[in-house]
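All values reported here derive from a predicted model rather than from experimental measurement.
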Amino acid sequence: LDRPQKLNEIHFLCWGKVDASQPSKVLVEAEGQRAELTYNASDFSLSVDTVTIDDTRLSNIWGKEVYRLSFKAKHLAKKGTYRFLITPKS
């Protein structure tokens, strides 16, 4: 491609309690375990969507819903590097 036509989007799915109230980080807690996903807020806007699980084969494991974290690039770029870091939290 000579020129990008559309902003890039990166998606993560997670379950448990999701807190995206602070720029550049998302906290996730499930079954007493916590993790933090960090990203560059100047590169991405974040939206969190609830995805209802109707299939009992999945909902028996994941619960009745999961969350889609959608990171949409703020700038068109032909080249670049994105960095997402997921770390356990105590």
Side-chain angles (χ1 to χ4, degrees):
L1 295 173
D2 291 331
R3 284 192 213 161
Q5 302 295 312
K6 194 173 174 184
L7 295 170
N8 287 331
E9 287 190 50
I10 312 262
H11 303 280
F12 292 90
L13 284 176
C14 58
W15 65 282
K17 181 181 172 190
V18 175
D19 178 1
S21 61
Q22 297 179 35
S24 296
K25 75 168 124 177
V26 178
L27 299 172
V28 179
E29 184 174 344
E31 295 185 347
Q33 302 292 312
R34 295 180 352 147
E36 178 180 85
L37 182 150
T38 56
Y39 65 98
N40 189 337
S42 63
D43 289 337
F44 292 99
S45 59
L46 169 63
S47 64
V48 179
D49 301 306
T50 303
V51 179
T52 302
I53 301 176
D54 297 325
D55 186 332
T56 55
R57 293 171 295 179
L58 297 173
S59 64
N60 286 338
I61 297 166
W62 297 106
K64 295 183 185 228
E65 57 193 23
V66 293
Y67 301 93
R68 181 186 306 113
L69 308 177
S70 298
F71 296 88
K72 188 168 187 175
K74 293 181 177 180
H75 310 284
L76 285 174
K78 186 174 178 180
K79 287 178 142 185
T81 302
Y82 300 139
R83 181 181 171 154
F84 295 88
L85 181 63
I86 301 171
T87 54
K89 290 292 178 189
S90 51

Margin query: Does Trp62 have more than 12 heavy atoms from other residues, nucleotides or ligands lying within 6.0 Å of its CH2?
Written below: no

Check: Any chance CD of Gln33 has more than 12 other-residue heavy atoms, nucleotides or ligands included, within less than 6.0 Å?
Finding: no

So how far is it from [X] [atom1] to [Y] [atom2], rounded to the nearest 0.5 Å?
X     : Y     : atom1 : atom2 : result
His11 : Arg68 : NE2   : CZ    : 7.0 Å
Glu29 : Asp19 : CD    : CG    : 10.0 Å
His75 : Ser42 : NE2   : OG    : 6.5 Å
Asp54 : Glu65 : CG    : CD    : 11.5 Å
Leu13 : Asp49 : CG    : CG    : 10.0 Å
Ile61 : Ile53 : CD1   : CD1   : 9.5 Å

Any heavy-atom pair between the side chains of [Y] and [X] that's under 4.5 Å?
X     : Y     : value
Leu58 : Val66 : no
Leu37 : Phe71 : yes
Val26 : Tyr39 : yes
Ser45 : Lys74 : yes

Item checked: Whether Lys17 side chain and Leu27 backbone form a donor-acceptor pair below 3.5 Å -> no

Notebook entry, point to check: Are the side chain of Gln5 and the backbone of Arg3 linked by a donor-acceptor contact shorter than 3.5 Å?
Noted result: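 Yes, Gln5 side chain to Arg3 backbone: donor-acceptor pair under 3.5 Å.
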
If hydrophobic clusters are built from ILVMFWY residues whose side chains come within less than 4.5 Å, do [X] and [Y] share one?
X     : Y     : result
Val51 : Leu46 : no
Leu7  : Tyr82 : no
Val48 : Ile10 : yes

Item checked: Centroid-centroid under 6.0 Å between Phe44 and Phe84 rings ->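 So the answer is yes for these two rings.
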
Note to self: Looking at every non-hydrogen atom in both residues, tell me the closest pair between Pro4 and Leu76 and how far apart they are.
What the structure shows: O-CD1, 3.9 Å

Next item on the list: Might you point out which heavy atoms bring Ala41 and Pro23 nearest each other, and give the distance in Å?
Entry: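 That closest heavy-atom pairing would be CB-CB, 4.3 Å.
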
